[in-house]
Amino acid sequence: MNMTYEIKRMAKALICIALLSTQLSCGLVSAAEPENTPALSAEPIMKIETLPEQYPASWFFAHDANFQSLIAGRVIIVDSAADTKEYKAAIGAAQFATFVESKALPELYVAETFYSRGTRGDRTDIVSVYDKSTLEKKTEIVLPGNKRSMVVTNKHNMRLLDNDTFLVVFNFTPASSATIIDAASKKVLNEIEMPGCNMIYPNGPRGFSSLCGDGSMISIQFDEQGKEVSRNLIPSFFNVDEDPVFDKPSYVDGIAYFVSYLGDVVPVDMSGAVPKVLPRWSLLTKNEVAKNWRPSGWQVSTGGNGKLYVIMSQGGFDGSHKSGGERIFVHDIASKKRVLDMKLTTPAFSLELLNTTPETLAVTNVLMGVDIFDAGGELQRSFSLGDSAMPLVLHAVRN
Amino acid sequence: MNMTYEIKRMAKALICIALLSTQLSCGLVSAAEPENTPALSAEPIMKIETLPEQYPASWFFAHDANFQSLIAGRVIIVDSAADTKEYKAAIGAAQFATFVESKALPELYVAETFYSRGTRGDRTDIVSVYDKSTLEKKTEIVLPGNKRSMVVTNKHNMRLLDNDTFLVVFNFTPASSATIIDAASKKVLNEIEMPGCNMIYPNGPRGFSSLCGDGSMISIQFDEQGKEVSRNLIPSFFNVDEDPVFDKPSYVDGIAYFVSYLGDVVPVDMSGAVPKVLPRWSLLTKNEVAKNWRPSGWQVSTGGNGKLYVIMSQGGFDGSHKSGGERIFVHDIASKKRVLDMKLTTPAFSLELLNTTPETLAVTNVLMGVDIFDAGGELQRSFSLGDSAMPLVLHAVRN
Amino acid sequence: MNKLDKIFERSTRKLAQNTSRRSVLAGISTALFGAASIPLLPIAKAASNKPDNGYPGVGSQTSGIDGDPGDPSSCDYWRYCAIDGFLCSCCGGSANSCPPGTEMSPITWIGTCKNPADGRNYIISYNDCCGITSCGRCLCNRNEGDKPTYRPQANNDINWCLGAKSSVYTCSTGIILGVALDDA
Amino acid sequence: MNKLDKIFERSTRKLAQNTSRRSVLAGISTALFGAASIPLLPIAKAASNKPDNGYPGVGSQTSGIDGDPGDPSSCDYWRYCAIDGFLCSCCGGSANSCPPGTEMSPITWIGTCKNPADGRNYIISYNDCCGITSCGRCLCNRNEGDKPTYRPQANNDINWCLGAKSSVYTCSTGIILGVALDDA
């Protein structure tokens, strides 16, 4: 059988079909086959792309928890301003990992957990350290005790403090503690316990706070060797049973804005060694309260430039706080006035304000796509970051 | 704010909506809340299911390659006859793994590969050994040299030989060899090289064959210590360039039926120490050849009860052999006559005849669902094995 | 691996995109804001000849226990009012047992769910099953009474496989611990 | 994790199921038996204001090389006639380079693809990029000239990351090695 002939015959037939669908004539086929053009050159192999050491402000990090295969999560680097090649790169982030970008050093940190046999065997908790430009793994910091907190992606599971001098990892066994790491030397300095209190909320010159089960806050400062130097308890400042605050505050100018299930904003000044709870205010009008407008989503708020962005949903009820919402309310923090009310085509699940001028808002929608909005709240572009990607948390590039 | 009241009010409203959509009246709500029934009992915790030591013939193994996260593949145990609880269990199968069930021992084998840091670090190739009843990992066999062949799921990457006495793992670096393991003691006995030839096709009393790049076959027998005792070369028996055979033959009564890209069946008698090529025959009528009906799919054929089942597609061309097909042709092997022509709702990608009486055919369709057909070719049920599952290869329970 | 999957992704996503936005959103919001909060009516499912748990390709179930209505393979099942994850019922386990080869985490979070058959509130323990990769079937998230991570015992975001030999999460159960104090 | 995903899965699969079988099959077979074999016409994409690579949410591209028509982020791109896997062009790399942080496997399989711009057949090397988990974008499988595993150098089923430090597959490139002998 003359296969070559057969294939050629078929190819021609199919070209005609293609032409029909693109509304071009068959005559173009020969026009597309000039005989005297130079051939394309051979290309070098082994070429690997690199990234700039300082990422542009339009870039962001999308943390794909990969719930379908949790041991194979990843952090994807995306350019919000790109109409082509928007996916810049990815690094691994295994098993309920946490990610943070250093501003002081050209490094990325991923706290993650591995087993010697994938899902079983010996456990090793580490912080993987990546070079920002090559994305090569420079080194790893082994976390003592294998007690890293594992929770659906939450930025406050690991934070950089004191101008990125200290990397602090939250542990949960369910006993709570924080592992203090010197970011420059990668040495583990100390472990500080804060029983019954959770997450790392940076505050003061060199310290962090954690929220406790009764709505109180414990605040700890440490010295250059990571040793605790002060501990303060801020008495319960919200009602956990009636109207808890989300555990993912947005920091704007040293103030952590906690948003409550029912739509209040609870600001806490974190600039001093002892957090200071500021007067709470509501995102909602009376009419909106009556219609049960409530914050809802995962990374439910973001802030910057004196503004607070919150994902909102109408008809809220007990249990609706993680569903995502069809609106984004933007409030001017100083005046507490709503300056923008974004009506979304696809409801939002998580959001992050990027450090661009003018403003860019990156949103993970409930279909797990990523939508980019401009300062006026207009949709600019929509990205898919993978067929089974779940980019639950977005991180702005710090610059 | 009286939240309890608010929630109750909402729940009632929503119950009414639910009733509307299910076309029941609101009156049923109170009927559904009798006041004097006994309360449900507290249930024990820590309960783990187990499986029978011998699986029913209606069960099969679906190997999910998990291409979206290859390090987290799995083998899923499914009951083709079940209208409820059809998904019996799963075991891990990492990184282009291969699976085989023992009939001689109550064990399952998974050849797989792990890295100390998930996708990087130190590599370990092993065969994981599972207890059929508890699915606990009984032990593991470390494979010397970390050279296990990694290929999109293919049964012939690892086979049991000589009544399941020997487990043989195919290696590819790209140098080819076979690691011979004593199945009872789990000891690695030997490594046998077969340069330029690939896969493990059981043949003879204690041996295997491999197909080579020119269409020839190398056939090797070994002794009880895994030492090679004979080696025979079967000269090229098909044209690799013009009409290659798929590398996934179906065994029926000691004969391996290789199917070719263009629709021929090439039977090779594997019962003796030296394979014997039998006369080839075509699955197709002249008219079908003219319409380019061709085998197409992944596990493209299966056989048993004197019959050969092949996934077929019309309008084939160079490169169409892995797309799947809209028909399944069933031929009686002795008469070479077609006894059934299954027209599918969703094209098939892989198929496997189960060892039930009457016959059951399990099919992975091109949407990666699994369809179950009875002996008459009628669709019985359709399963989803997971939102991102890719069950590329199905294994009948051996009994 | 195969193009077919890409096509599947493409075709289904395209279908979703091509379907009128309104109907898609309606579907999403019904499922989101409806199903999660509607107590299951025991009558509907039992009477139907075509039970639908909302997961195509997953067989429907009953718990087999008198007074325990609904379908344990459905996200709407009453016990799942605060669950988050893959339903073990769809993964070789059941509402109160783990699939073969996994281990059950002894530490967990607790919810309070109303059984529509007897109107009582029950304390439900959502023990995770651990040690095998994510089951991938019947992903379900409901959050009645769910509190943030600073109240861990009422939080379903935490990987509760922390009490098991392997912390790799497979699926979640919903086990009856007893009648809630208010209803006892 | 979140119910929303389940709903997405459910709604899209349902949509696929509810759409008339005929149109779904037509779509599948067009994509399968059509696109894979149709040489890309350089004009269509360049002239269009809305280029469509067939992957929603993935930006279209050009290689930027004269006489190299088509979209490297499309499965239809001429170089990909025998590719199998995620397109590195969609993953931070390009048709001939690997994404940052991965390594390129030096051993690979080879295809022969016709460039519709000059009518020449080119030898294409499908080097895999390795060391990070599956990219998950732009899954593409085409099999022109693909032979079974017993002819490994022409087989795209093998994990060609075997030549790299890590054998974990990330994505695939399609690098021009030169004009095929018959066309030189």
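Below, chain A is the first sequence line, B the second, and so on; all start at residue 1. Small disclaimer: the values here were computed from a predicted structure and weren't measured.
With a threshold of 4.5 angstrom between heavy atoms, B/F172 approaches chain D through its backbone and through its side chain. Residue contact with chain D, scored on non-hydrogen atoms closer than 4.5 Å, involves the backbone of B/C212 exclusively. For B/H156, no part lies under 4.5 angstrom from a heavy atom of chain D. In this structure, the portions of B/L70 lying under 4.5 Å from any heavy atom of chain D include both its backbone and its side chain. Looking at B/F96, the atoms closer than 4.5 Å to chain D (heavy atoms on both sides) all sit in the side chain, from C-beta outward.
Only one option out of D/S105, D/S172, D/S167 pairs with D/D128 in a side-chain hydrogen bond (donor to acceptor under 3.5 Å, both in side chains); it is D/S172.
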List the steps and the verdict of salt bridge (Lys or Arg N to Asp or Glu O under 4.0 Å) for D/R79 and D/D68.
CA-CA 9 Å; D/R79 298 189 190 200; D/D68 181 6; 2.7 Å; yes
Just do the salt bridge (Lys or Arg N to Asp or Glu O under 4.0 Å) check on D/D157 and B/K322 with the steps written out, would you?
CA-CA 10 Å; D/D157 307 322; B/K322 279 187 237 166; 2.7 Å; yes
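If you tally non-hydrogen atom pairs under 4.5 Å between each of B/H321, B/M199, B/R123 and chain D, the highest count goes to B/H321. Comparing D/I158, D/N156, D/D146, D/N155 by heavy-atom pairs within less than 4.5 Å of chain B, the highest count is held by D/D146.
A cation-pi arrangement, defined by a distance under 6.0 Å to the six-membered ring centre and an angle within 45 degrees of its axis, is present between B/K248 and B/W298.
The backbone N or O of B/S301 sits less than 3.5 Å from a side-chain atom of B/S250, completing a donor-acceptor pair.
Look at D/D76 and D/R142 and you find no salt bridge, because none of the NZ, NE, NH1 or NH2 atoms lies under 4.0 Å from a carboxylate O.
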